[in-house]
There are 2 protein chains.
Amino acid sequence: MKMLGSRTTLDWPDGEERFPTSVCMDCAVRRDSLCGTLAGEDLIMLHKLGRRRRLRRGESIAWAGEESRGCANVLSGILKVSALTADGREQIVGLLYPSDFVGQPFVGSFEFTVTALGDAEICTFRKSDFEGFLSTRNGMTQALLRRTFDTLSDARKRMLLLGRQSASERIADFLLQTFERIGGYSASANGPVTFDLPLSRGAIADVLGLTIETVSRQMTKLKMAGVIALPGGRAVTILKRDALRRMADAA
Amino acid sequence: MKMLGSRTTLDWPDGEERFPTSVCMDCAVRRDSLCGTLAGEDLIMLHKLGRRRRLRRGESIAWAGEESRGCANVLSGILKVSALTADGREQIVGLLYPSDFVGQPFVGSFEFTVTALGDAEICTFRKSDFEGFLSTRNGMTQALLRRTFDTLSDARKRMLLLGRQSASERIADFLLQTFERIGGYSASANGPVTFDLPLSRGAIADVLGLTIETVSRQMTKLKMAGVIALPGGRAVTILKRDALRRMADAA
DNA sequence: CGCAATGTTGACAATTCTCAAGGATCGTGG
DNA sequence: CCACGATCCTTGAGAATTGTCAACATTGCG
């Protein structure tokens, strides 16, 4: 049974900070977030509905099984979306990076838990406010629909991974996907790259449907094979990207 | 490596039948399908964009990795949405029942295969037509968004199943879910119920991320434990629904 | 009626998990 | 700045679950 962190909702806790008026214009994620479809008047209106929240590592914003009353854009940090069995086994069913959207407007319940993996910031909206806003903006509804289809495709690809791929394939896939998402410096298209994994071994295990020990052993195996290096901490160096790609798909 | 069935696209094959004008009004799935949000003028307009297609068992309508050009409502039959590894392992990532919607308007690619498990009928739309239609109907876009969120939640729950549940839990869950979806006669709320599984053992294995043999053995085990009966063919009788429910969640 | 597809069962193998111990790393407070 | 505790990571040995291969039974369709 795992520690689940402290509890908050997507409601407005007392004393939550208001945005300074100019904040959307220089928002770090505006270009890539759902709000990126907006400009001028609309952006200002949505901005008035949003509140910025700071989350500490381990803090959760939505709880499985409850009526969900909020949604949000991720500004910074990485969050996990997870599902739990009755006896406490966890499966991470999604990772949220900056500019990602969380929540399900027009749907009553949200049966998953969203937790900050490290300190994070999100821009939250009351669900009813957001729904009202969407209702008169078909373009933004379409943008959200497009995002949701993409999220669904990701989930389905991960179903293939969870149902049909071996531990080594899962690890290879995870390393590549994580690199593609967070980058790191990449000299040549195929040269070695180094980056920090944003997840602990335990979190990686919960993403991949494995145990911590299996994750650790597979990483060691890749290191021994000269495919990756583990410089220390959560850093990884991908030495043979093509080998990793080959392992990720078939095997 | 599996047989993948014959190929068709969601384009208009020559000689495809046109709807008789009245067909939407007495469409068997209208009430529950996406079209259920429409009436009058709108329904007629959408109707003009649709074509009915008959699919034979094993026939596919969309192919992994291709530019997808259509979407559809399921009228009758059951279809599978599946993902494949490079070496031919299959994971069924979704099942489509009558009134379900398939396709991803506003998204370029659809990286999964949709195949009829038995003979089926669908009502297809050119993707561009459907997008155009949605663009001036925020209500229907919202309805599709809601559906997509529901599909996403289903996929995520199945990720928990695939990543963290044992073979017996998966089978118990599958039997209950299938019963809830297709029904069958149910005397009392907890009394025994009999119904036909719409999937072969192989398809069940591909849904649950198991092998045919494991599925078969687990079924036998449930039969021996007196939880279910297997009257023959694909029929199943759930004798102890509460026992099955207990097995489905924890262990 | 007979063939092809589907389902069951058995024996054995392989992968992954569990339990356990020890080492590395990180953050905090003295 | 170092020491300490807590957390995280690695490695090993053995167990358990599930997969593989093979044979045979059953079902359904022509």
Is any NZ, NE, NH1 or NH2 atom of the basic residue among D87(B) and R89(B) found under 4.0 Å from an Asp or Glu carboxylate oxygen of the other? yes
When rounded to whole Å, the CD to P distance for the pair E169(A) and dG19(D) reads 14 Å
From CD of Q165(B) across to C1' of dT18(D) the rounded distance in Å is 16 Å
Rounded to whole Å, the CG-C1' distance (L208(B) to dG19(D)) equals 15 Å
Which of T113(B), V207(B), I204(B) passes side chain to side chain contact (heavy atoms under 4.5 Å, CB included) with I92(B)? It is V207(B)
Taken to the nearest whole Å, CD1/I212(B) to C1'/dG19(D) is 12 Å
To the nearest angstrom, the CZ-P distance between R217(B) and dT17(D) comes to 14 Å
With a 4.0 Å cut-off (strictly under) to non-hydrogen atoms of chain B, the first and last hit nts on DNA chain C, 5' to 3', are dT6(C) to dA11(C)
So what does R57(B) hit on the nucleic acid, given a heavy-atom distance under 4.0 Å: a base, only sugar-phosphate, or nothing?
sugar-phosphate
Touch class at under 4.0 angstrom, heavy-atom based, for S200(B) against every strand present: sugar-phosphate
Given dC8(D), is OP1 or OP2 found less than 4.0 Å from the side-chain N or O atoms of R234(A)? no
In whole angstroms, the gap separating P of dC8(D) from CG of D196(A) amounts to 16 Å
Whole-Å distance, R201(B) CZ to dG28(D) C1', equals 15 Å
Salt bridge check: are D206(A) and K80(A) linked by an N-O gap of less than 4.0 Å? no
* **Lys/Arg N to Asp/Glu carboxylate O, D242(A) vs K240(A), below 4.0 Å** => no
Handout entry: No-H, no-angle donor-acceptor pair, R170(B) side chain to dT17(D) base, under 3.5 Å
Key = no
*asked:* With side chain to side chain contact (heavy atoms under 4.5 Å, CB included) as the criterion, how do R57(B) and L117(B) come out once you've worked through the C-alpha distance, each side chain's angles and the decisive distance to 0.1 Å?
replied: CA-CA 5 Å; R57(B) 164 199 175 73; L117(B) 288 173; over 6 Å; no
Discussion item. Any carboxylate oxygen within less than 4.0 angstrom of a Lys/Arg side-chain nitrogen, looking at E121(B) and R53(B)?
Written reply: no
Of G233(B) and G233(A), the one whose nearest nucleotide on DNA chain C sits closer to the 5' end is G233(B)
When rounded to whole Å, the CE to C1' distance for the pair M219(B) and dT18(D) reads 17 Å
Side chains of S60(A) and T115(A), donor plus acceptor under 3.5 Å: yes
Under a plain distance cut-off of 3.5 Å, with no hydrogens placed, do S166(B) and S168(B) share a side-chain donor-acceptor pair? yes
Would the number of heavy atoms belonging to other residues, nucleotides or ligands and lying under 6.0 Å from CZ of R181(B) be above 12? yes
Requested in this report: Could you tell me whether E111(B) and K157(A) make a salt bridge, using a distance below 4.0 angstrom between a side-chain N and a carboxylate O?
Outcome: yes
Taking for G163(A) and for T214(A) the nucleotide of DNA chain D with the nearest heavy atom, the one nearer the 5' end belongs to T214(A)
With sugar-phosphate meaning primed atoms plus P, OP1 and OP2, does L210(A) contact a base, only sugar-phosphate, or nothing at under 4.0 Å between heavy atoms? sugar-phosphate
Within residues 221-230 of chain B, those residues having any heavy atom closer than 4.0 Å to DNA chain D are none
